[in-house]
Novice: 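Next up is a structure, given as structure tokens.
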Amino acid sequence: MKIALLIITLLLPFNSLDEEARRWGQIGHRTTGHIATQLLTDNAAEEVHRVLNGNSLAEVSTWMDEVRSDRSFRYMSPWHYCTIPEGKTYEEAGTPEEGDIIWAIDKMVTELKSGELSAEQEAINLKVLVHLVGDLHQPLHVGNGTDRGGNDVRVQWFGGNSNLHRVWDSEMIDGKQLSFTELADFIDDQLNEETINEWQSTTVLDWAYESQELLDQVYEYPENGRLGYEYSFLNFDTVEKRLLQAGVRLAGLINEIYAN
Ligand code: ADE
Ligand code: ZN
Ligand code: ZN
């Protein structure tokens with residue numbers, strides 16, 4: 001009996017860690033931060049260095065997941081995602097009272113542009129911004145309201161228990177066994193000036209709809225729920241494109257915030 005209790009106690013935190021803490025995994029977030037860093041203007045790069053006390057965008061990109069266990073930051077939990085039911089627009093769905101990812105990105109940008117934040121708050125806003133632009137490009141962070149963005153969709157990943165959300169946050173990316181700098185270098189060779197301008201001329205809401213439009217592809221997996229090489233082969237180009245778009249757009253926002 002005592003042993004059973006001990007085992008349950010030991011396993012509980014791991015379960016909630018699996019479900020909640022990993023989000024767009026660490027490598028995905030850092031990759032996006034690293035790509036953005038390479039596209040900053042000189043002035044923006046200087047300001048980022050100042051605001052983050054010398055830390056990089058890649059380093060701070062996972063801060064929002066790291067503070068999830070801290071009660072004083074619990075109000076940020078609903079900011080990692082949004083819900084747009086199938087066939088509805090975001091306006092029709094409405095912004096929840098506690099905020100969501102689209103609302104939070106707008107809030108961070110507006111406050112950063114105001115230039116009126118304390119040094120501490122400016123750093124927090126920037127860390128939140130880096131993280132959320134990444135999250136919004138993970139298709140399942142725009143949920144359809146039926147399965148908590150795929151967290152409730154149990155699947156097997158190479159024979160181990162997982163869920164669809166986690167496959168997109170981290171399993172496919174971690175499976176490549178690359179560091180974030182290696183992954184960023186592999187990805188950004190597709191980039192040219194025209195693509196950068198095109199991607200940076202879109203709105204936060206556009207990014208959400210792009211994610212929503214990818215969901216048909218995301219949910220197309222074998223009926224037995226066994227995911228592995230084939231699912232990764234069919235979807236990794238999309239993962240790479242979303243990481244790249246997130247990095248390019250994050251740089252666009254930060255360059256705009258620190259334009260003068
Ligand atoms: N909880 C509810 N919907 C979610 C989503 N789309 N992503 C992450 N967590 C969620
Ligand atoms: Zn996630
Ligand atoms: Zn997140």
Side-chain angles (χ1 to χ4, degrees), residues 14-15 17-36 38 58 61-62 64-65 80-82 86 101 130-144 146-191 195 199 207-250:
F14 286 102
N15 267 325
L17 198 79
D18 279 351
E19 296 280 351
E20 302 294 342
R22 296 180 61 185
R23 308 281 151 171
W24 218 184
Q26 314 230 75
I27 296 182
H29 278 297
R30 290 174 186 149
T31 301
T32 289
H34 192 65
I35 290 169
Q38 294 167 328
S61 67
T62 54
M64 258 192 114
D65 285 335
H80 293 259
Y81 60 90
C82 65
E86 219 181 306
I101 189 167
V130 177
H131 184 89
L132 293 185
V133 172
D135 271 352
L136 186 54
H137 282 75
Q138 203 277 56
L140 285 165
H141 277 249
V142 179
N144 60 22
T146 65
D147 60 9
R148 298 191 308 130
N151 274 298
D152 295 334
V153 180
R154 305 234 158 256
V155 298
Q156 301 253 302
W157 179 253
F158 286 100
N161 290 329
S162 189
N163 67 65
L164 194 59
H165 190 99
R166 203 205 296 177
V167 166
W168 278 82
D169 267 1
S170 46
E171 308 272 33
M172 284 195 281
I173 295 170
D174 295 353
K176 296 291 175 181
Q177 302 203 327
L178 295 167
S179 68
F180 72 86
T181 51
E182 289 168 339
L183 183 55
D185 288 345
F186 282 3
I187 293 178
D188 66 13
D189 57 6
Q190 309 159 23
L191 213 49
T195 308
W199 286 351
W207 313 342
Y209 284 128
E210 288 170 0
S211 275
Q212 188 191 35
E213 278 167 22
L214 286 166
L215 290 179
D216 280 347
Q217 175 189 332
V218 169
Y219 281 93
E220 203 170 303
Y221 59 86
E223 220 165 296
N224 63 15
R226 291 181 161 274
L227 277 53
Y229 285 123
E230 193 185 10
Y231 189 79
S232 186
F233 178 71
L234 292 171
N235 290 288
F236 204 73
D237 283 350
T238 301
V239 172
E240 289 190 341
K241 183 175 180 188
R242 295 307 275 165
L243 292 171
L244 185 58
Q245 287 181 319
V248 168
R249 286 157 172 175
L250 176 61

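Start at 1 with the first residue, then count along the sequence.
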Novice: Using a distance-only test with no angle check, is there a side-chain donor-acceptor pair under 3.5 angstrom linking His29 and Asp135?
Specialist: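 Judged by distance alone, the side chains do pair up.
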
Novice: Using side-chain heavy atoms (C-beta onward) and a distance below 4.5 Å, is Glu230 in contact with Leu234?
Specialist: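 Yes, side chains in contact.
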
Novice: Once you round to the nearest 0.5 Å, how far does CZ of Arg30 lie from CD of Gln26?
Specialist: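 One finds 4.5 Å between CZ of Arg30 and CD of Gln26.
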
Novice: Might you point out which heavy atoms bring Thr32 and Gly134 nearest each other, and give the distance in Å?
Specialist: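 Scanning both residues, the minimum pair turns out to be CG2-CA, 4.5 Å.
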
Novice: With rounding to the nearest 0.5 angstrom, report the NE2 to CD1 distance, His141 to Ile101.
Specialist: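 Going from the NE2 atom of His141 to the CD1 atom of Ile101 covers 7.0 Å.
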
Novice: So, do Ile173 and Leu243 sit near enough that their side-chain heavy atoms are less than 4.5 Å apart?
Specialist: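 With C-beta onward as the side chain, the pair touches.
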
Novice: Of the non-hydrogen atoms in Val133 and Ala246, which two are nearest, and what is the gap between them?
Specialist: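 Reported closest heavy-atom pair: CG1-O, 3.5 Å.
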
Novice: Taking the side chain as C-beta and beyond, is there a heavy-atom pair between Val153 and Tyr221 under 4.5 Å?
Specialist: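 Val153 vs Tyr221: side chains touch.
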
Novice: Minimum heavy-atom separation for Trp157 and Ser232, please, with both atom names.
Specialist: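 Between these two residues, the closest heavy atoms are CH2-CB, 4.0 Å.
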
Novice: Quiz question: by atom type and distance under 3.5 Å, do the side chains of Tyr81 and Asn151 form a donor-acceptor pair?
Specialist: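 Not at all, the side chains of Tyr81 and Asn151 share no donor-acceptor pair under 3.5 Å.
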
Novice: What residues form a side chain to side chain donor-acceptor pair (under 3.5 Å) with Ser179, not counting sequence neighbours?
Specialist: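 Ser179: side chain to side chain donor-acceptor pair (under 3.5 Å) contacts with Thr181, Glu182.
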
Novice: To the nearest 0.5 Å, what is the distance between NE2 on His165 and CZ on Arg148?
Specialist: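 Going from the NE2 atom of His165 to the CZ atom of Arg148 covers 9.5 Å.
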
Novice: Nearest 0.5 Å, what's the CG-CG distance between Leu244 and Asp188?
Specialist: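 Reported to 0.5 Å precision, the distance equals 6.5 Å.
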
Novice: Nearest 0.5 Å please: distance from the CG atom of Asp147 over to the OH atom of Tyr219.
Specialist: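 Answer for the CG-OH pair, Asp147 versus Tyr219, is 3.5 Å.
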
Novice: Can you confirm whether Ile27 sits close enough to Thr31 that some side-chain heavy atom of one is under 4.5 Å from a side-chain heavy atom of the other?
Specialist: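 Of all side-chain heavy-atom pairs linking Thr31 with Ile27, at least one is under 4.5 Å.
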
Novice: Starting from the C-alpha separation in whole Å, work towards a yes-or-no answer on side-chain contact (heavy atoms from CB on, under 4.5 Å) for Arg226 and Val155.
Specialist: CA-CA 6 Å; Arg226 291 181 161 274; Val155 298; over 6 Å; no

Novice: Ignoring hydrogens, what is the shortest heavy-atom contact between Val130 and Ser61? Give both atom names and the distance.
Specialist: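 Val130 and Ser61 have their closest heavy atoms at CG1-CB, 3.6 Å.
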
Novice: For a quick test of your reading: what N or O donor-acceptor pairs under 3.5 Å do the side chains of residues 235-242 make, sequence neighbours left out?
Specialist:
from: Asn235; atom 1: OD1; to: Gln217; atom 2: NE2; distance (Å): 2.8
from: Asn235; atom 1: ND2; to: Tyr231; atom 2: O; distance (Å): 2.9
from: Thr238; atom 1: OG1; to: Gln217; atom 2: NE2; distance (Å): 2.9
from: Arg242; atom 1: NE; to: His137; atom 2: O; distance (Å): 3.0
from: Arg242; atom 1: NH1; to: Glu210; atom 2: OE1; distance (Å): 2.7
from: Arg242; atom 1: NH1; to: Gln245; atom 2: OE1; distance (Å): 2.6
from: Arg242; atom 1: NH2; to: Trp207; atom 2: O; distance (Å): 3.2
from: Arg242; atom 1: NH2; to: Ser211; atom 2: OG; distance (Å): 3.0

Novice: Less than 4.5 Å apart, any side-chain heavy atom of Asn161 and any of Gln156?
Specialist: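 A side-chain contact exists here, since the closest heavy-atom pair is under 4.5 Å.
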
Novice: To the nearest 0.5 Å, tell me how far Asp169 CG sits from Leu164 CG.
Specialist: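 Atom-to-atom, Asp169:CG and Leu164:CG are 10.0 Å apart.
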
Novice: Grab the two heavy atoms, one from Ile35 and one from Gly247, that are nearest each other, plus how far apart they are.
Specialist: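 Where Ile35 meets Gly247 most closely, the heavy atoms are CG2-CA, 4.0 Å.
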
Novice: Around atom CG of Asn224, are there more than 12 heavy atoms from other residues, nucleotides or ligands closer than 6.0 Å?
Specialist: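 Yes - once you tally the heavy atoms of other residues, nucleotides and ligands closer than 6.0 Å, there are more than 12.
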
Novice: Which heavy atom in Ala36 sits nearest to a heavy atom in Leu250, and how many Å separate them?
Specialist: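 Answer, listing the atom of Ala36 first, then Leu250: CB-CD2, 3.7 Å.
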
